[in-house]
Amino acid sequence: MRLCHSLALLPVASAFQLPFKVPFFNSPGQQPLRTPPIRVAIIGAGAAGTSATFWIAKAQERFGIDVEVDLYEKESYVGGRSTVVYPYGNTSLPAVELGASIFVKANKNLWRAVEEFNLTRRDFRDQSGMGIWDGEKLLFTASGGWWSWWDSAKALLRYGFHSPRRTQVFVDSMIQQFLSLYSPETPKWENMTHLSSSLGWTNLITQTTSEYLKSQGVSYKFISELVEASTRVNYGQNADGIHALEGACSLAPTGASSVEGGNFQIFENFLKHSTANVYLNTSVRSIISSSGQYVLDSDRGSETYQAVILAAPWHSTNIQLPTEISSKIPLQPYVHLHVTLFTTTLSSVPAQSFSLPASTKIPPMLLTTFEGARNGGKEPDFNSMSYHGPISDSEWVVKIFSLKRISEKWLSKMFDGKIGWVHRKEWDAYPVLPPTASFPELKLAPGFYYVNSFEPFISTMETETLASRNIVDMLLRDMFDAGICPTAPSSDTDKEDYVFGWDC
Ligand SMILES: Cc1cc2nc3c(=O)[nH]c(=O)nc-3n(C[C@H](O)[C@H](O)[C@H](O)COP(=O)(O)OP(=O)(O)OC[C@H]3O[C@@H](n4cnc5c(N)ncnc54)[C@H](O)[C@@H]3O)c2cc1C
Ligand SMILES: *[C@@H]1O[C@H](CO)[C@@H](O)[C@H](O)[C@H]1NC(C)=O
Ligand SMILES: *[C@@H]1O[C@H](CO)[C@@H](O)[C@H](O)[C@H]1NC(C)=O
Ligand SMILES: *[C@@H]1O[C@H](CO)[C@@H](O)[C@H](O)[C@H]1NC(C)=O
Ligand SMILES: *[C@@H]1O[C@H](CO)[C@@H](O)[C@H](O)[C@H]1NC(C)=O
């Protein structure tokens with residue numbers, strides 16, 4: 001399907017038309033009136049691929065470069081790992097995120113996109129309390145929003161003053177560094193090692209979250225409870241397994257938001273504001289290189305391109321690549337996550353379901369730690385279980401993330417048989433992220449770029465838009481004498497809400 005094909009949408013600033021650098025060979029005596037456009041194929045309509053079309057459109061707007069973009073997506077929807085379902089399949093009811101659900105203010109591309117595209121931001125409902133379950137005991141409960149859990153009198157009593165404070169300092173300084181990626185002086189990285197060192201994060205990606213926080217004087221109890229609860233709900237991994245950079249990301253959801261009706265609308269709008277031809281329901285099967293170009297074979301036949309942007313984790317795509325390219329992509333395991341969405345008429349999980357005294361109030365967001373299992377106890381059956389607002393006076397949507405299938409029997413037992421609609425989805429959600437010192441390359445061959453090389457560093461919707469911004473900039477510098485932005489910064493770079501790529 002062609003979502004949009006209107007080159008006329010964008011003004012072509014031909015005054016700035018730039019020559020492209022790729023040579024074209026015409027048959028002798030034949031002089032074309034104009035050089036054909038550079039053809040770029042993008043594979044994947046998730047955060048990475050759709051934002052790539054948008055960044056290219058920004059360069060077209062600014063420089064009038066002659067590029068034709070085809071975007072291929074094997075599914076029939078835009079959004080990839082960011083998509084929604086409706087309780088009972090009833091679109092009059094509020095949409096529920098099935099994949100990526102939250103982003104924060106420091107995620108400036110998504111934040112800005114919501115504003116520019118007139119979407120509605122909704123504060124993520126995390127105000128009404130959380131608990132940490134270890135499989136046998138409810139270790140900690142708190143009411144209020146995210147950081148208030150850490151600062152509450154109860155937290156002070158259980159974890160002391162220094163551990164929450166030191167963790168907060170760590171997260172804040174990581175975010176401060178992260179924000180430099182939107183400034184006019186943002187680094188342009190050629191590989192992830194380069195980016196990691198320019199942000200000063202090498203010691204974060206080479207240590208586990210536990211090791212790093214321990215070295216900062218954070219107590220084991222705090223790490224194995226609040227910190228691990230966060231790494232498990234956000235990345236399905238434990239604090240002693242996941243590297244400290246991704247650990248910090250999972251600790252940062254202050255002011256978490258999502259888009260009313262679904263985050264995928266951001267990605268639909270990236271496409272709407274681009275000039276790309278969008279082919280949904282169209283699997284790419286193979287790519288071969290031929291005389292310095294790429295021949296891409298898909299459900300709609302063969303097409304030739306000067307550049308390819310692969311915007312999906314390669315191992316999950318079933319795309320055949322030339323060995324000299326595929327051999328450069330290290331095997332990357334992903335966390336295979338089960339998402340179980342359902343409705344119930346119980347306003348909270350009965351305490352008896354957890355074999356707890358009937359008087360215990362089970363909080364609407366239940367996170368977990370592996371610490372019980374580490375000490376020989378029972379492993380929690382799920383990573384997180386959270387109530388997501390009512391769909392009527394007496395029915396709620398609940399979301400469970402788990403590494404194993406949640407059976408009907410289990411649901412029925414836990415919720416006293418009071419289950420309505422059930423929807424299951426299995427995702428290869430995010431990379432398994434142990435400490436590492438090496439990453440996949442961004443440019444796998446001349447003209448062949450791999451956006452998801454960013455994911456083993458950080459895997460979020462926002463960072464995929466940053467990874468594609470960097471890659472599009474690299475592609476444009478390789479093919480034309482321009483990136484996304486003019487080299488001289490614009491006059492309003494001092495503005496606090498300046499976002500590189502949007503405002504340059
Ligand atoms: C349950 C869950 C919760 C998450 N929570 C959050 C969160 O709260 N916040 C956050 O920021 N991130 C979250 N994430 C991570 C986030 O979803 C990803 O980091 C991000 O969406 C990845 O975007 P992408 O475009 O790189 O990849 P994808 O979204 O996976 O897009 C790749 C696309 O390529 C397509 N494709 C694959 N093979 C082919 C082929 N052969 N031909 C054509 N098309 C193909 C796929 O169908 C897919 O649409 C979550 C993920 C999951 C699964
Ligand atoms: C995609 O294919 C499915 C099944 O072949 C079809 O039902 C659906 O309408 C198609 N969607 C689009 C957007 O083309
Ligand atoms: C869908 O939900 C709306 C709002 O609750 C309700 O009025 C309507 O009857 C539902 N539709 C169906 C088909 O159940
Ligand atoms: C968003 O709304 C503003 C003000 O109503 C309007 O000027 C602008 O064109 C809208 N943008 C889009 C993308 O619809
Ligand atoms: C990464 O990029 C930097 C800066 O461009 C370069 O100096 C370095 O050699 C590259 N490293 C690898 C491993 O490619």
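Predicted model, so just to flag it, every value in this text is computed and none were measured. Here, residue 1 is the first one in the sequence, and each next residue gets the next number. As a basis for the values below, the full set of heavy atoms in this structure was taken, side chains included, without hydrogen atoms, waters or symmetry mates.
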Tell me, which pairs form a side chain to side chain donor-acceptor pair (under 3.5 Å) where one or both residues lie in residues 359-382, sequence neighbours left out?
Y220-E371, E228-T369, E228-R374, R232-T368, D240-R374, E371-R374, E371-N375, K378-D381, D381-W410

Centroid separation F354 to W133 less than 6.0 Å
yes

Is the centre of the F117 ring less than 6.0 Å from the centre of the H273 ring?
yes

Donor-acceptor pair, distance only, cut-off 3.5 Å: does the side chain of T186 make one with the backbone of L181?
yes

Residues that H162 engages under side-chain contact (heavy atoms from CB on, under 4.5 Å), provided they are two or more places apart
R166

Going by side-chain hydrogen bond (donor to acceptor under 3.5 Å, both in side chains), name the residues that satisfy it together with K74, two or more places apart in sequence or in a different chain.
none

Ion pair check, R424 and E408, cut-off under 4.0 Å:
yes

Would you be so kind as to tabulate the donor-acceptor pairs closer than 3.5 Å made by side chains of residues 199-208, with sequence neighbours excluded?
| from | atom 1 | to | atom 2 | distance (Å) |
| --- | --- | --- | --- | --- |
| T206 | OG1 | T202 | O | 2.8 |
| Q207 | NE2 | N203 | O | 3.1 |
| T208 | OG1 | E211 | N | 3.0 |

So how far is it from S384 OG to I132 CD1, rounded to the nearest 0.5 Å?
12.5 Å

May I have all residue pairs that pass salt bridge (Lys or Arg N to Asp or Glu O under 4.0 Å) and include part of residues 75-90, sequence neighbours excluded?
R81-E455

Would you call E116 and R112 a salt bridge, taking side-chain N to carboxylate O under 4.0 Å as the test?
yes

Counting only heavy atoms not in K404, do more than 12 sit closer than 6.0 Å to its NZ atom?
no

Whether the side chain of S183 engages the backbone of S180 through a donor-acceptor N/O pair (distance < 3.5 Å, no angle test) should be reported.
yes

Within the structure provided, determine whether I484 and R469 are in side-chain contact (heavy-atom separation under 4.5 Å).
yes

With sequence neighbours left out, what residues match A52 under side-chain contact (heavy atoms from CB on, under 4.5 Å)?
I42, I309, S468, V472

May I ask you to check whether F454 and F457 place their ring centres under 6.0 Å from each other?
yes

Between G89 and W421, the two heavy atoms sitting closest are N-NE1, 4.2 Å

